[in-house]
Amino acid sequence: MWFALSLLSAVSKSASQILTKKLHALGTLELAAYSHIFSAVLILPLFFFVEIPLTGAFLYPTACSTVMNVVAILLLIQAIKISDLSYSI
């Protein structure tokens with residue numbers, strides 16, 4: 001089962017990168033938003049069932065991680081748009 005899930009993950013990630021390359025007419029911010037909307041729709045309802053600690057020990061690392069992930073996603077999408085897929089992935 002784990003092999004099938006890992007294969008499905010690899011195929012879906014590569015399909016996502018190919019789709020990003022094909023949609024080069026859109027801006028980097030739009031591509032980043034569109035590529036993460038589906039997962040956000042699935043995860044947002046879970047916030048009603050999970051208690052999130054609102055302490056500094058949770059918020060500061062989460063905020064730093066979020067900023068770093070957004071920068072990494074924007075740079076990856078920009079690299080995919082301007083270079084060959086075999087070089088940027």
Side-chain angles (χ1 to χ4, degrees):
M1 178 171 165
W2 288 110
F3 179 74
L5 289 175
S6 63
L7 188 63
L8 180 65
S9 174
V11 169
S12 65
K13 183 67 174 175
S14 64
S16 169
Q17 303 300 336
I18 291 170
L19 185 62
T20 300
K21 185 72 172 177
K22 295 283 185 194
L23 297 173
H24 65 278
L26 295 175
T28 304
L29 292 175
E30 292 170 328
L31 284 173
Y34 292 151
S35 65
H36 291 87
I37 284 175
F38 180 70
S39 61
V41 168
L42 291 177
I43 292 174
L44 283 177
L46 294 176
F47 287 131
F48 296 111
F49 302 108
V50 178
E51 185 176 332
I52 300 173
L54 296 177
T55 63
F58 174 77
L59 290 178
Y60 295 131
T62 303
C64 291
S65 175
T66 301
V67 169
M68 288 189 288
N69 280 325
V70 167
V71 170
I73 289 167
L74 294 176
L75 290 174
L76 174 67
I77 290 174
Q78 189 66 30
I80 289 172
K81 284 176 64 176
I82 64 173
S83 68
D84 191 21
L85 276 177
S86 61
Y87 294 139
S88 59
I89 298 178

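What you see is a predicted model, and the numbers here were worked out from it, not measured in a lab.
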Item to check | Main-chain N/O of Ser83 paired with Lys21 side-chain donor or acceptor, under 3.5 Å | outcome: yes
Checklist entry - According to a 4.5 Å side-chain heavy-atom criterion applied to Ile, Leu, Val, Met, Phe, Trp and Tyr, with indirect links allowed, do Val67 and Tyr60 form part of one hydrophobic cluster? => result no
Checklist entry - Does Thr62 reach the main-chain N or O of Phe58 with its side chain, forming a donor-acceptor pair under 3.5 Å? => result yes
Item to check | Common cluster, Ile77/Leu29, ILVMFWY with side-chain heavy-atom separation under 4.5 Å | outcome: no
Checklist entry - Taking all non-hydrogen atoms of both residues, which atom of Thr28 and which atom of Leu74 are closest, and how far apart? => result CG2-O, 3.6 Å
Next on the checklist: Nearest 0.5 angstrom please: Ile73 CD1 to Leu31 CG, how far?
Outcome noted: 12.0 Å
Next on the checklist: Taking Leu23 as the starting point, is it possible to reach Ile37 by hopping between hydrophobic residues whose side chains are less than 4.5 Å apart?
Outcome noted: yes
Item to check | Sidechain-backbone polar pair: Ser16 side chain, Ser12 backbone, donor-acceptor under 3.5 Å | outcome: no
Next on the checklist: Apply side-chain contact (heavy atoms from CB on, under 4.5 Å) to residues Leu76 and Gln17 and explain how you reach the verdict.
Outcome noted: CA-CA 10 Å; Leu76 174 67; Gln17 303 300 336; 4.2 Å; yes
Checklist entry - Got a donor-acceptor contact below 3.5 angstrom from the Ser14 side chain to the Val11 backbone? => result yes
Next on the checklist: What's the separation between atom NZ in Lys13 and atom OG in Ser9, rounded to the nearest 0.5 Å?
Outcome noted: 8.5 Å
Checklist entry - In the single-linkage hydrophobic clustering (I, L, V, M, F, W, Y; side-chain heavy atoms under 4.5 Å), do Phe47 and Leu54 co-cluster? => result yes
